Protein chains: 2
Amino acid sequence: MNKSLRPADPEMIAADLALAIHEHRLAPGTKLSEDEVAEIYGVSRTQIRAALQKLAHDRLVELKRNRGAYVAQPSVREAREVFEARALLEPRTARSAAERITDDDLAALQRHIDEEHAAIREGEAGRALYLSGQFHLEIARIADQATIAEFITQLVARSSLIIALYWQRRGALCESHAHHALMRAFAARDGVLAEDLMRGHLLDLVSSLDLRNRSSAPASLREALSG
Amino acid sequence: MNKSLRPADPEMIAADLALAIHEHRLAPGTKLSEDEVAEIYGVSRTQIRAALQKLAHDRLVELKRNRGAYVAQPSVREAREVFEARALLEPRTARSAAERITDDDLAALQRHIDEEHAAIREGEAGRALYLSGQFHLEIARIADQATIAEFITQLVARSSLIIALYWQRRGALCESHAHHALMRAFAARDGVLAEDLMRGHLLDLVSSLDLRNRSSAPASLREALSG
DNA sequence: TAAAACAGGATTGTATACGATTGTGTCGAC
DNA sequence: GTCGACACAATCGTATACAATCCTGTTTTA
């Protein structure tokens with residue numbers, strides 16, 4: 001993990017782990033042993049437990065009593081629900097954002113997109129995915145809705161896990177197209193258009209997933225042995 | 001606190017504290033000393049810390065570093081945001097619920113309302129408020145959206161704190177009227193009506209609050225000494 | 001007299017030690 | 001040979017002890 005900048009407190013450790021999950025450096029189902037993680041960050045288990053609890057609350061890790069913490073493996077059901085929630089929250093939030101966006105915000109969003117492109121060009125798929133999520137989060141921030149932004153933070157992170165499990169398309173380019181279109185709507189301060197684009201973008205995302213029912217828990221193994 | 005049924009693990013302790021906050025037995029700003037709470041529940045500080053962390057994540061308590069845990073005092077800003085979020089989530093969820101509700105669900109909802117009335121009749125305002133929140137939560141459960149239901153759980157609990165701080169109307173009767181109307185929409189399986197009623201109900205709630213700007217943090221004290 | 005520095009007490013932050021539970025591997029019986 | 005029981009190892013759950021921090025009341029100084 002990130003031994004370079006060594007986080008000291010549980011909050012930073014949780015953030016670091018969350019980033020690793022978000023960037024697909026930690027795969028769903030990976031066991032996060034308390035002792036092991038504690039040694040990596042150079043702190044006691046106490047702080048690791050706090051960090052894992054926070055991540056468990058955000059549904060990024062699953063805490064199995066007396067058995068340890070594992071990176072979550074969202075079920076197909078949960079995947080649908082996460083995007084249902086995003087569909088309720090994000091379009092209207094995008095509309096609010098478009099109606100109150102400043103020039104500074106626009107510039108910041110553009111820098112975001114540029115970073116995302118750079119990551120894609122350099123083949124850093126994980127980082128690109130993370131930045132793509134941050135784009136959605138930034139919109140909530142621009143809409144000046146901290147509470148909704150928190151929910152979206154969580155939903156975006158969970159979406160990253162869902163993508164790790166159920167993504168079926170090859171190119172991730174569709175993403176940046178959608179984000180570009182949104183940018184134009186924001187630049188034009190067209191709230192209604194932004195709302196529609198965001199709604200469509202989220203639908204595109206879901207339809208890029210393979211959410212046919214299959215046993216959720218063992219996921220890959222069960223799938224591998226059924227054919 | 002509830003010494004009668006003594007919760008053993010952090011999760012139950014957190015639930016018990018959350019209930020106390022929800023029912024206005026614990027006022028906003030109340031200090032929750034670790035030692036004190038630990039003695040009440042007959043466990044060590046370790047478990048209390050875990051419970052408080054969970055409540056802090058749900059924004060029901062505020063954790064001040066090296067200073068302790070306090071029952072949260074949502075600012076006016078936060079109050080608005082909470083109801084903004086509810087306005088995005090609940091109406092559509094009510095619609096889904098109305099379109100898929102079963103007769104058993106209807107009966108359960110009716111029992112909920114009856115309990116709420118009973119609590120009001122017996123002057124248990126706190127319990128009535130809690131049950132009123134549970135009504136909203138039950139709708140998300142009926143809509144079969146566990147993820148959204150979790151968000152609503154949190155928002156409803158925070159709303160209870162907001163009501164404790166900013167409620168200005170005398171009678172809480174308007175509540176049950178709205179819930180009755182919703183019941184009728186559910187019974188008729190009228191999703192569009194349910195959505196509209198829920199939207200209106202939430203707007204009514206906000207307009208029953210006194211959200212004029214004032215210093216948020218000291219709230220009661222500052223308010224009390226200013227006149 | 002008022003303000004600032006200091007000391008004492010109380011409360012939280014962190015680490016560590018011990019007990020409990022679970023998973024696994026081996027041995028024995030049928 | 002297979003199934004079941006037992007024991008061991010590993011990991012988590014909880015309590016407790018100690019260190020760090022903050023608040024409060026007192027003392028000192030300008």
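Everything numeric in this text was worked out from a predicted model, so none of it was measured. The sequence lines fix the lettering, A, B, ..., with proteins before strands; numbering per chain opens at 1.
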message: Contact between A:Arg86 and A:His136 at the side-chain level, heavy atoms closer than 4.5 Å - yes or no?
response: yes
- request: Evaluate the side-chain proximity of B:Thr93 to A:Leu88: yes if any heavy-atom separation is below 4.5 Å, no if none is.
  value: yes
- prompt: Can you check the B:Tyr70 OH to C:dT11 P distance for me, whole Å?
  reply: 10 Å
query: Can you check whether B:Ile152 reaches B:Gln145 side chain to side chain, under 4.5 Å on heavy atoms?
result: no
Per-nucleotide protein contact string for nucleotides 10-20 of chain D, where B marks a base within reach and S marks sugar-phosphate only (heavy atoms under 4.0 Å, - for neither): -SBBBBB----
query: If you measure from the Lys or Arg side-chain nitrogens to the Asp or Glu carboxylate oxygens, is any gap between A:Arg158 and A:Asp58 under 4.0 Å?
result: no
field: Whole-Å distance separating the CD1 atom of B:Ile48 from the P atom of C:dG13
entry: 14 Å
query: For residues A:His179 and A:His112, is any side-chain donor paired with an opposing acceptor at under 3.5 Å?
result: no
Presence of salt bridge, A:Glu150 and B:Arg59, under 4.0 angstrom: yes
task: Describe, as an angle rounded to 10 degrees, how the axis at the first end of the helix from C:dT1-D:dA30 to C:dC30-D:dG1 is tilted relative to the axis at the last end, five pairs per end.
output: 10°
message: Side chains of A:Phe135 and A:Ile139, heavy atoms from C-beta outward: is any pair under 4.5 Å?
response: yes
- prompt: Side chains of B:His117 and B:Asp114: closer than 4.5 Å at any heavy-atom pair?
  reply: no
